[in-house]
Asker: 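Sharing a structure here in structure tokens format.
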Amino acid sequence: MLDAEQLDAFGRDGQLTVADLFSAEEINRALADLEQWDAEFRSTLTDEEREWYLEDPSDPSSPFRKLDDPVFHRAAFRALAMAPALLEAVEQLIGEGVTLFFSQVFCKPPEVGGPKPVHQDNFYFAPNDTDALLTTWIALDAATEENGCLHYGLGSHREPVLEHTAPEDAPFNLQVPPDVAKKYPMTPAPVPRGGVSIHHGNTLHQSSANRSAHPRRAVTFHFLRNDAKLVEPALKYDPSHSVKVS
Ligand SMILES: O=C(O)CCC(=O)C(=O)O
């Protein structure tokens, strides 16, 4: 349950960190499931999937950059996403009756985990109501400035959805033009393991490369209020993978 101060902070900044949402056991279960998923999925990867998911697509043993739809594919992640404390916070922020329409694991492996440029989630997802979409980002490892925690343009959720472009060789790296990004200084948001950073779909954010010797793994759950819908999103999302929560 978020208190009045937390709700005010989210309204002001478009971002809120809640330090202690999940127990060490819950996070350990998710990481064990992730390890098993890595082994199972790696052996089935097509060339196209290698391009999308691996840090170095030319090397079949390269670490995963990301994995899509953990909530649909893996029980331990489904359990995290359905945690009552998380869902209660989501409904306090975007209203009652929500669907988890997409989820992602960002692996950010040691030394090779690359940066994520400045973007708004609402450009990717294109909801018809920009206030109806929320991302919750759960730290599976403590996220620090050294290993590539998220940085936010606080207050930027009041911007409209901005034009984004992606480099040809990295279609997953949609980003706003640098002169727009410059308007908002980026504030680091370190998150302890098991904590969550919640952001509005319009909030500008980015993460830096992992310069540490340890992974910086995180899982995101993307929620949409049930009276809203995605209108021509930038990437394809499989509606059959959605989970109606309430
Ligand atoms: O974890 C990251 O580095 C990027 C995550 C992100 O952009 C998001 O959760 O919207």
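What you are looking at is a predicted structure, and each value in this text was computed from that prediction instead of being measured.
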Asker: Look only at the side chain of Asn122 and the backbone of Thr130, and say whether a donor-acceptor pair between them is shorter than 3.5 Å.
Answerer: yes
Asker: Pairs in or reaching into residues 165-192: which pass ring-ring contact (aromatic ring centres under 6.0 Å, His included), with residues at least two apart or in two chains?
Answerer: Trp52-Phe172
Asker: Mind checking what makes side-chain hydrogen bond (donor to acceptor under 3.5 Å, both in side chains) contact with Thr135, not counting sequence neighbours?
Answerer: Asp121, His222
Asker: Do we see a donor-acceptor contact under 3.5 Å between the side chains of Asp69 and Tyr237?
Answerer: no
Asker: Quick one: side-chain contact (heavy atoms from CB on, under 4.5 Å) partners of Pro239, sequence neighbours excluded?
Answerer: none
Asker: With a 6.0 Å cut-off on ring centres, are Phe102 and His241 close enough?
Answerer: no
Asker: Just checking, is any N or O donor in the side chain of Lys116 or Gln206 under 3.5 Å from an acceptor N or O on the other one?
Answerer: no
Asker: Check residues 7-21 and write down every donor-acceptor pair under 3.5 Å in which the side-chain atom is one partner and the other belongs to a residue at least two apart or another chain.
Answerer:
unit_1, atom_1, unit_2, atom_2, d
Gln15, NE2, Thr17, OG1, 2.9
Gln15, NE2, Ser197, OG, 3.0

Asker: Does any N or O in the side chain of Tyr53 come within less than 3.5 Å of the main-chain N or O of Arg42, such that one atom is a donor and the other an acceptor?
Answerer: no
Asker: Does a side chain donor of either Asn28 or Arg193 reach within less than 3.5 Å of an acceptor in the other side chain?
Answerer: yes
Asker: Not counting sequence neighbours, list each pair that qualifies as a side chain to side chain donor-acceptor pair (under 3.5 Å) and has a residue in residues 80-95.
Answerer: Glu91-Ser246
Asker: Donor-acceptor pairs under 3.5 angstrom involving side-chain atoms of residues 70-80: please list them, not counting sequence neighbours.
Answerer:
unit_1, atom_1, unit_2, atom_2, d
Arg74, NE, Asp33, OD1, 3.0
Arg74, NH1, Glu40, OE1, 2.9
Arg74, NH2, Asp33, OD1, 2.8
Arg78, NH1, Val71, O, 2.9
Arg78, NH1, Phe72, O, 3.1

Asker: Do Arg216 side-chain atoms and Gly148 backbone N/O form a donor-acceptor pair below 3.5 Å?
Answerer: yes
Asker: Please report whether the ring centroid of His164 lies less than 6.0 Å from that of His119.
Answerer: no
